[in-house]
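When a residue number appears, it is its place in the shown sequence, counting from 1. What's counted below: heavy atoms across the whole structure, side chains too, no hydrogens, waters or symmetry copies.
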Amino acid sequence: MKALVYGGPGKKTWTDVPDPTIQSPTDVIVKVDTTTICGTDLHILKGDVPAVTKGRILGHEGVGTITEIGASVTSLRVGDRVIISCIKSCGHCVNCKTGLYSHCLGEEGASGIGWVFGHLIDGTQAEFVRVPYAENSLYLLPEGVSDQQAVMLSDILPTGFEIGVQYGRVKPGDTVAVIGAGPVGLAAISTAGLYGAATIIAVDLDAHRLEKSREFGATDVVLSSDADWKEQVMLLTDGQGVDVAIEAVGIPETFTMCIDIVRPGGNVANVGVHGKAVQLHVEDLWIQNINISMGLVNTNTTPMLLKLVAQQKVPADSFATHHFTFDEFMEAYDTFARAAETKALKVVITA
Ligand SMILES: [Zn+2]
Ligand SMILES: [Zn+2]
């Protein structure tokens, strides 16, 4: 089969590799019909994730059709259309039992690490993928939900919702600011309304992304390159600060921006993946009663989000800005890597 293979920092090829095979009775093999590229894949290609070794097939998002099932798999059948979750879950370890799939203790990849696809085991940017713990890690796709909609449920929609909106404890009437209107920030924007946020402020450097964020439910937008960006946010909150500030970039500056605009007693939910240390001024924050949360997605809300996508209550299609076929994989990466220029959000790549 063909797959997108990591060759060390800066190197990738769409090339021939052996087909995956069932290795454990709880595995299935999925023919990947649709996949996409994540910002994390670009981090890996820069060499920022040393756990990813040469020869690894990248990708942790995908939708496909089951072609083969392991001996102990009873609830899935060959021919089933499924969403491949970016997080493995064995379903029976202590962390899986509490919904903390991000720290599944199953041995696959590494015990305690939920994100294994395209990281510690071969991923979804391939014609076929082996899915471990298939009965827990796959979600059956109902009729009426397209591949393009479903692939947004592998990672970005649950990530924005769980780590931004749920961890940020958004509640009815809240003013929520989302710093960073990339795919995951937009996923938080598009799901903040589920908990009744009254005002959703998108903050970004890119005017085009801000305009786009209105399509996802942003009620107000603030260009963060404006010298008075903070005053603009404060004006929208009667000078009080926002109830919830969601960080969806992953650099110290944007984390500090969240701290700067959150009201006393408010919540800062960090979704961004940070590559370097952030200074945390506990000496100032304690007296403000600020809550700070962060984490890796569990994907335990995928079934719920799937229902809302099926009912068109979450605008999953709006994330898809570019379309490619598997033989245009390198072009898809190029378009996604130059997102500021190409205005790419999610590139949808189909077999
Ligand atoms: Zn991802
Ligand atoms: Zn587990």
Side-chain angles (χ1 to χ4, degrees), residues 6 20-30 38 40-41 43-44 48-53 55-62 64 66 68-76 80 82-126 128-140 153-167 184 250 269-275 292-306:
Y6 176 65
T21 53
I22 300 268
Q23 290 175 18
S24 154
T26 50
D27 289 351
V28 309
I29 303 295
V30 174
C38 179
T40 307
D41 299 319
H43 278 297
I44 292 170
D48 291 349
V49 189
V52 181
T53 49
R56 177 67 64 227
I57 298 171
L58 297 185
H60 50 264
E61 296 160 278
I66 295 178
E68 203 182 335
I69 61 171
S72 68
V73 174
T74 57
S75 63
L76 297 167
D80 281 347
V82 288
I83 298 170
I84 304 163
S85 175
C86 66
I87 300 293
K88 77 174 183 196
S89 57
C90 75
H92 51 73
C93 72
V94 287
N95 289 337
C96 281
K97 291 275 192 194
T98 58
L100 194 70
Y101 305 154
S102 55
H103 296 281
C104 170
L105 297 169
E107 292 295 330
E108 190 70 49
S111 177
I113 299 180
W115 168 47
V116 294
F117 282 121
H119 178 207
L120 304 174
I121 67 170
D122 284 336
T124 56
Q125 291 170 5
F128 293 89
V129 61
R130 180 182 70 90
V131 179
Y133 315 123
E135 290 183 307
N136 295 296
S137 306
L138 292 175
Y139 296 90
L140 276 173
L153 289 158
S154 284
D155 178 355
I156 62 165
L157 280 168
T159 297
F161 178 63
E162 293 173 21
I163 309 303
V165 177
Q166 288 192 323
Y167 277 23
V184 171
N270 183 88
V271 188
V273 179
H274 289 259
I292 299 174
S293 59
M294 64 197 79
L296 174 64
V297 66
N298 290 303
T299 65
N300 61 312
T301 65
T302 300
M304 183 277 282
L305 291 170
L306 175 56

Q: Can you tell me how far apart CG (Leu100) and CD1 (Ile87) are? Round to the nearest 0.5 Å.
A: 10.0 Å
Q: Taking all atoms of both residues into account, what is the closest heavy-atom pair of Cys104 and Cys93, and its distance?
A: CA-SG, 3.9 Å
Q: Is any side-chain heavy atom of Tyr139 less than 4.5 Å from a side-chain heavy atom of Val82?
A: no
Q: With a 4.5 Å limit on heavy-atom distance, are the side chains of Thr40 and Trp115 in contact?
A: yes
Q: Are Thr124 and Val131 side-chain neighbours, meaning at least one heavy-atom pair lies under 4.5 Å?
A: no
Q: Out of curiosity, Leu157 CG to Ile83 CD1, how far, rounded to the nearest 0.5 Å?
A: 9.5 Å
Q: With sequence neighbours excluded, give me every salt bridge (Lys or Arg N to Asp or Glu O under 4.0 Å) pair touching residues 103-123.
A: Arg56-Asp122, Glu108-Arg130
Q: So, do Val30 and Val28 sit near enough that their side-chain heavy atoms are less than 4.5 Å apart?
A: yes
Q: Return the minimal non-hydrogen interatomic distance between Pro50 and Asp48, and the atom names on each side.
A: CD-O, 3.3 Å
Q: Quick check: does any side chain N or O of Gln125 sit under 3.5 Å from a backbone N or O of Ile57, one acting as donor and the other as acceptor?
A: no
Q: Could you tell me which residues satisfy side-chain contact (heavy atoms from CB on, under 4.5 Å) with Ser72, sequence neighbours excluded, listed by chain and number?
A: Pro25, Thr26
Q: Heavy atoms, side chains only, cut-off 4.5 Å: are Leu138 and Ile66 in contact?
A: yes
Q: Give the minimum heavy-atom separation between Leu120 and Ala110, together with the two atoms involved.
A: CD1-CB, 3.8 Å
Q: Roughly how far, to the nearest 0.5 Å, is CG of Asn95 from CG of Leu105?
A: 4.5 Å
Q: How long is the span from the CD1 atom in Ile163 to the CG atom in Asn270, to the nearest 0.5 Å?
A: 9.5 Å
Q: Could you walk me through whether Cys38 and His60 pass the side chain to side chain contact (heavy atoms under 4.5 Å, CB included) test, one step at a time?
A: CA-CA 8 Å; Cys38 179; His60 50 264; 3.5 Å; yes
Q: Might you work through the side chain to side chain contact (heavy atoms under 4.5 Å, CB included) test for Ile29 and Val129, ending with a clear yes or no?
A: CA-CA 6 Å; Ile29 303 295; Val129 61; over 6 Å; no
Q: Side-chain contact, heavy-atom cut-off 4.5 Å: Phe161 with Gln166?
A: yes
Q: If you look at every heavy atom in Leu140 and Leu306, which pair is closest and at what distance?
A: O-CD2, 3.6 Å
Q: After noting the C-alpha distance and the side-chain angles of Glu135 and Thr74, does the key distance pass the side chain to side chain contact (heavy atoms under 4.5 Å, CB included) rule?
A: CA-CA 8 Å; Glu135 290 183 307; Thr74 57; 3.4 Å; yes
Q: Minimum heavy-atom separation for Gly91 and Cys96, please, with both atom names.
A: N-SG, 3.4 Å
Q: Looking at Asn136 and Tyr133, would you say the former's side chain and the latter's main chain have a donor-acceptor pair under 3.5 Å?
A: no
Q: Distance-only, no hydrogens or angles: does the Ser89 side chain make a donor-acceptor pair with backbone N or O of Tyr101 under 3.5 Å?
A: no
Q: Taking Lys88 for the side chain and Ile113 for the main chain, is one N or O donor matched with an acceptor at less than 3.5 Å?
A: yes
Q: Yes or no on side chain to side chain contact (heavy atoms under 4.5 Å, CB included) for Cys86 and Val297, after CA distance, side-chain angles and deciding distance?
A: CA-CA 9 Å; Cys86 66; Val297 66; 3.8 Å; yes
Q: What residue pairs, at least two apart or across chains, pass side chain to side chain donor-acceptor pair (under 3.5 Å) with a residue in residues 292-304?
A: Ser85-Thr299, Ser102-Asn298, Glu162-Thr301
Q: Can you name the closest pair of heavy atoms from Ser137 and Pro132 and give their distance?
A: OG-O, 3.3 Å
Q: Judged by atom type as modelled, is there a donor-acceptor pair below 3.5 Å linking the side chain of Asp27 to the main-chain atoms of Gln23?
A: yes
Q: Any side-chain to backbone donor/acceptor pair from Ser154 onto Glu61? Under 3.5 Å, distance only.
A: no
